[in-house]
Enquirer: 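The structure's right below; bear with me while I get my questions together.
As a basis for the values below, the full set of heavy atoms in this structure was taken, side chains included, without hydrogen atoms, waters or symmetry mates.
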Amino acid sequence: MTTPNSRSPAIQRLQLRTKLREYRTAARMTQRQVAERMEWSPSKLLRIEAGEVGISVNDLRSLLGLYETVDPATVEVLLNLARGSRKMPFTEYRDIYDKDFLSFLAMESSAFVTRGFQPLVMPGLLQTEEYAMAIIRAYTPTDFSEQQHQRMLEARMLRQEALERDHAESYFILDESVIRRQVGGPGVMRGQLRRLAELAAHPRRSIMIFPFSRGAHAASQGPFTLFEFEQDMPPFVYLENLRGTATVSTATDDFVSYLEMFWALEERAIKGDQVPRILLQIADHLETEPHDFHIEPLGDG
């Protein structure tokens, strides 16, 4: 059985916040009432229950006493969760990422199964440094400094360690536009496609292509990512938008709806050994200079 000390900090903090909410609800207390009894600011409890900050062992003991949770074995498990969740991944990048995206990164680094659909750009987990920097420069405000760009690139490359975890599985469906759009120019895109072909050969990693010829589909409205975990944790559904990445829901019905959407895309996508061959073929035929459509001038007649 998995022990608290062997779990990731992100998982432990999520489990702890879930339990603390359950105990407060069972005690029939509001967040304001708890904050007053603990002599905390209301924002402190809100942030603890949201998983934005950790909780000290002493504060947790007092809080559990307020909730009348006194079983020694239960208390010890919760204390271990608090100890193990103090250092969350990617917190050193709080100056460049908001809390929603940091939460996304924590889940990404801890998930047992990751499924994602991308209609526009290469998923961050699959990007080369050159491709990633081209995207970062395109997406960030014009007043961002070179140092901020470099820190975002550093974080993006660090994320990719999630792909190397034992037993973790990942499934990516890319719209054909992702592999056709020359982000960073032909040279950058050629390197990205070749790297993608290498990644597609891994036994626990599936990269699929949804071709233009398949027409419209239910996920045309935007990208999404699904996370599942080994521990007793609900799955997470994330949607991306122009302002960042936001949690949609942990509700089972919502997760199932998106999972069924993913399976429907998967059924119609190109997969297996064909994918690396297609990627390498596109890479080999990229032109030295990208060009737009050539429109023939109208005749005089």
Enquirer: My understanding is that only residues two or more places apart in sequence, or in another chain, count here; which of them pass salt bridge (charged side-chain N to carboxylate O under 4.0 Å, His left out) with Glu22?
Expert: Lys19

Enquirer: Given side chain to side chain contact (heavy atoms under 4.5 Å, CB included), test Leu163 with Arg205 step by step and report yes or no.
Expert: CA-CA 8 Å; Leu163 293 175; Arg205 198 175 298 134; 3.7 Å; yes

Enquirer: Counting C-beta onward and ignoring hydrogens, is there a side-chain heavy-atom pair between Val113 and Tyr171 closer than 4.5 Å?
Expert: yes

Enquirer: Is Asp284 close to Arg194 at the side-chain level, that is, under 4.5 Å between some pair of heavy atoms?
Expert: yes

Enquirer: Minimum heavy-atom separation for Val188 and Val183, please, with both atom names.
Expert: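 Heavy-atom minimum between the residues: CG1-O, 3.5 Å.
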
Enquirer: How would you list all residue pairs meeting side-chain hydrogen bond (donor to acceptor under 3.5 Å, both in side chains) that involve residues 266-276, not counting sequence neighbours?
Expert: none

Enquirer: Anything under 30° is parallel, anything over 60° is perpendicular, the rest tilted; go ahead and classify Phe117 against Phe224.
Expert: tilted

Enquirer: Nearest 0.5 angstrom please: Glu129 CD to Ile136 CD1, how far?
Expert: 10.0 Å

Enquirer: Where do Arg83 and Glu76 land on the salt bridge (Lys or Arg N to Asp or Glu O under 4.0 Å) test, with the steps shown first?
Expert: CA-CA 10 Å; Arg83 294 183 185 107; Glu76 188 59 30; 3.5 Å; yes

Enquirer: What is the minimum heavy-atom distance between Gly272 and Pro276, and which atoms define it?
Expert: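 Answer, listing the atom of Gly272 first, then Pro276: O-CD, 3.4 Å.
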
Enquirer: Could you give the distance from CZ (Arg24) to CD (Gln33), rounded to the nearest 0.5 Å?
Expert: 9.5 Å

Enquirer: Could you list all the salt bridge (charged side-chain N to carboxylate O under 4.0 Å, His left out) pairs where at least one residue sits in residues 174-183, not counting sequence neighbours?
Expert: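 Sorted result for residues 174-183: Glu176-Arg180.
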
Enquirer: If you apply the rule side chain to side chain contact (heavy atoms under 4.5 Å, CB included), what do you find for Ile207 with Leu174, and how did you get there?
Expert: CA-CA 8 Å; Ile207 296 173; Leu174 312 179; 4.2 Å; yes

Enquirer: How long is the span from the OG atom in Ser62 to the CZ atom in Arg37, to the nearest 0.5 Å?
Expert: 12.0 Å

Enquirer: Using only atom types and a distance under 3.5 Å, with no angle test, would you say the side chain of Arg94 pairs donor to acceptor with the backbone of Thr91?
Expert: yes

Enquirer: Under 3.5 Å, is there a donor-acceptor pair between the side chain of Arg156 and the main chain of Gly124?
Expert: no

Enquirer: For the pair Leu199 and Leu125, evaluate side chain to side chain contact (heavy atoms under 4.5 Å, CB included) and give the outcome as yes or no after the intermediate values.
Expert: CA-CA 10 Å; Leu199 292 171; Leu125 288 176; over 6 Å; no

Enquirer: Given side chains that start at C-beta, do those of Leu193 and Arg195 come closer than 4.5 Å, heavy atoms only?
Expert: no

Enquirer: With rounding to the nearest 0.5 angstrom, report the NE2 to CG distance, His285 to Leu280.
Expert: 11.5 Å

Enquirer: Of all the heavy-atom pairs spanning Met38 and Asp59, show the shortest one and how long it is.
Expert: CE-O, 3.8 Å

Enquirer: Would you give the length of the straight line joining atom CD1 of Ile96 to atom CG of Leu102, rounded to the nearest 0.5 angstrom?
Expert: 8.5 Å

Enquirer: What is the distance from atom CZ of Phe172 to atom OG1 of Thr114, rounded to the nearest 0.5 Å?
Expert: 6.5 Å

Enquirer: So, for Leu196 and Leu126, which heavy atoms are closest and what is the spacing to 0.1 Å?
Expert: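 So the minimum-distance heavy-atom pair works out to CD1-CD1, 3.7 Å.
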
Enquirer: Any side-chain heavy-atom pair from Arg214 and Ile270 closer than 4.5 angstrom?
Expert: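 Heavy-atom side-chain distance check passes, below 4.5 Å.
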
Enquirer: Does Ser145 offer a backbone N or O that forms a donor-acceptor pair with the side chain of Gln148 under 3.5 Å?
Expert: yes

Enquirer: Could you pull out the closest heavy-atom pair between Glu49 and Leu20, with the gap in Å?
Expert: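 Result for this residue pair: OE2-O, 4.3 Å.
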
Enquirer: Look at the side chain of Arg115 and the backbone N and O of Phe262, then say whether any donor-acceptor pair between them is shorter than 3.5 Å.
Expert: no

Enquirer: Could you tell me if Gln150 and Glu146 have a donor-acceptor pair between their side chains, going purely by distance under 3.5 Å?
Expert: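 Distance-only check passes for Glu146 and Gln150.
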
Enquirer: Do Arg17 and Arg47 have side chains that approach each other closer than 4.5 Å (heavy atoms only, starting at C-beta)?
Expert: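 No, every pair of side-chain atoms sits at 4.5 Å or beyond.
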
Enquirer: Search all heavy atoms of Ala35 against all heavy atoms of Leu45 and return the closest pair with its distance.
Expert: N-CD2, 4.3 Å

Enquirer: Is there a donor-acceptor contact under 3.5 Å from the side chain of Gln160 to the main chain of Gln127?
Expert: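 Indeed, once roles are kept as given, a pair shorter than 3.5 Å links the two residues.
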
Enquirer: Donor-acceptor pair, Arg165 side chain versus Ala162 backbone, under 3.5 Å?
Expert: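 Between the backbone of Ala162 and the side chain of Arg165 there is a qualifying donor-acceptor contact (under 3.5 Å).
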
Enquirer: By ring pair (Phe, Tyr, Trp, His ring centres under 6.0 Å), which residues pair with Phe210, not counting sequence neighbours?
Expert: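 So Phe210 forms a ring pair (Phe, Tyr, Trp, His ring centres under 6.0 Å) with His217.
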
Enquirer: Do any N or O atoms from the side chain of Gln192 and from the backbone of Gln182 form a donor-acceptor pair under 3.5 angstrom?
Expert: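 No; judged by distance alone, with no hydrogens or angles, the pair does not exist.
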
Enquirer: Taking ring pair (Phe, Tyr, Trp, His ring centres under 6.0 Å) as the test, write out the residues that go with Phe227, two or more places apart.
Expert: Phe104, Tyr238

Enquirer: Please list all pairs passing the ring-ring contact (aromatic ring centres under 6.0 Å, His included) test where one or both residues lie in residues 62-100, with sequence neighbours left out.
Expert: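 For residues 62-100: Tyr97-Phe101.
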
Enquirer: Measure from the side-chain N and O atoms of Thr74 to the backbone N and O of Val70, and report whether any donor-acceptor pair falls under 3.5 Å.
Expert: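 Checking the backbone N and O of Val70 against the side chain of Thr74, no donor-acceptor pair under 3.5 Å is found.
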
Enquirer: With the side chain counted from C-beta on, respond yes when Leu14 and Met107 share a heavy-atom pair under 4.5 Å apart, and no when they do not.
Expert: yes

Enquirer: Other residues, nucleotides and ligands only: do more than 12 of their heavy atoms fall within 6.0 Å of CZ on Arg32?
Expert: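 Incorrect, the count does not exceed 12.
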
Enquirer: Hey, does Tyr23 have a side-chain heavy atom less than 4.5 Å from the side chain of Leu78?
Expert: yes

Enquirer: For Met122 and Met189: C-alpha separation, side-chain torsions, deciding distance, then whether side chain to side chain contact (heavy atoms under 4.5 Å, CB included) applies.
Expert: CA-CA 10 Å; Met122 205 69 64; Met189 197 62 197; 4.2 Å; yes

Enquirer: Would you check if the side chain of Ser177 reaches a backbone N or O of Pro119 as a donor-acceptor pair within less than 3.5 Å?
Expert: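 Yes, the answer is positive, given that a donor and an acceptor are paired below the 3.5 Å cut-off.
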
Enquirer: With the side chain counted from C-beta on, respond yes when Met152 and Met133 share a heavy-atom pair under 4.5 Å apart, and no when they do not.
Expert: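 Side chain of Met152 against side chain of Met133, heavy atoms only: no contact under 4.5 Å found.
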
